[in-house]
Amino acid sequence: MMKRVSSINDDKKDFYQRVFEITRLIPKGRVTSYGAIAKALGATGSSRMIGWALNGCSKEHGVPIPAHRVVNRNGVLTGKHHFNPPSSMQKQLEAEGIEIKDDKVVDFEKLFWDPIKELSEDW
DNA sequence: AATGTGACACAAT
DNA sequence: TATTGTGCCACAT
């Protein structure tokens with residue numbers, strides 16, 4: 001019988017879990033975008049859901065979710081207002097060596113970490 | 001049940 | 001290049 005593989009699962013419930021997994025996989029000092037994660041999950045165009053999922057990450061105690069490494073496709077820290085304090089997002093990024101200028105990630109393209117590219121190795 | 005909102009992204013203007 | 005409108009899907013009221 002088919003035991004559910006972690007990679008292939010249509011349960012919506014796992015969608016959030018999937019987002020957490022990928023977010024957790026973001027290497028230190030790197031960033032990714034909501035759209036990239038959505039695409040990696042096969043939910044292209046549903047990038048807004050990523051934000052919703054991450055919104056609950058704060059409540060997922062026990063597993064640290066580096067949500068601060070997720071920004072929009074423009075490299076802007078759009079979700080900083082959901083941190084407390086909001087400035088902590090930039091602070092954490094800077095602590096990892098990421099430079100922030102005007103709420104934007106410097107060299108975003110260079111620091112961008114594509115989940116699909118990484119996941120395609122094993123998945 | 002319907003409507004509005006949201007941590008986005010893309011096309012058109 | 002910047003703004004605006006539309007699509008997307010889940011959740012709150």
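The chains referred to below are lettered A, B, ... by the order of the sequence lines, with proteins before strands, and numbering in each begins at 1.
- Counted by atom type alone, A:Gln92 and A:Glu96 present zero donor-acceptor pairs between their side chains at under 3.5 Å.
- Distance from the side chain of A:Arg73 is smallest for B:dA9 among the nucleotides C:dC9, B:dA7, B:dA9.
- The shortest non-hydrogen separation linking A:Phe15 to A:Leu41 is CE1-CD1, 3.8 Å.
- Among the atoms of the strands shown, only primed sugar atoms or phosphate atoms (P, OP1, OP2) are found under 4.0 Å from some heavy atom of A:Ser33.
- Note: NE2 (A:His81) to C1' (B:dC8) measures 16 Å, nearest angstrom.
- Atom C1' of nucleotide B:dC8 and atom CG of A:Asn55 are separated by 14 Å, given to the nearest angstrom.
- Under 4.0 angstrom from either OP1 or OP2 of C:dG7 there lies no side-chain N or O belonging to A:Ser46.
- Of all nucleotides listed (C:dC8, B:dG6, B:dA9), B:dA9 comes nearest to the side chain of A:Asn72.
- Side chain A:Ser47 to base B:dC8: a donor-acceptor pair is found below 3.5 Å.
- For A:Ser88 against A:Phe83, the heavy-atom pair with the smallest separation is OG-CB, 3.5 Å.
- The interatomic distance linking A:Asn74 (CG) with C:dT1 (P) rounds to 12 Å, in whole Å.
- Distance CD1 (A:Ile50) to P (C:dC11): 13 Å, rounded to an integer number of Å.
- When the shell of 6.0 Å around CD of A:Glu99 is examined, it contains 12 or fewer heavy atoms from other residues, nucleotides or ligands.
- In the set B:dA9, B:dG6, B:dA7, B:dG6 carries the atom at the smallest distance from any side-chain atom of A:Trp52.
- Taking only side-chain atoms of A:Tyr34, from C-beta outward, the nucleotide of B:dC8, B:dC10, C:dC8 with the closest atom is B:dC8.
- Set against B:dA9, C:dC9, B:dG6, the side chain of A:Arg48 has B:dG6 as its closest nucleotide.
- Counting to the nearest Å, the P atom of B:dA7 and the CG atom of A:Leu93 are 18 Å from each other.
- In this structure, A:His81 and A:Pro86 approach most closely via the heavy-atom pair CA-CB, 4.1 Å.
- Per the geometry, CG belonging to A:Asp114 stands 13 Å off P belonging to B:dA9, to the nearest Å.
- Between the P atom of C:dC9 and the OH atom of A:Tyr16 lies a distance of 13 Å, rounded to the nearest Å.
- Here the C1' atom of nucleotide B:dA7 and the CG atom of A:Leu77 are 10 Å apart, to the nearest Å.
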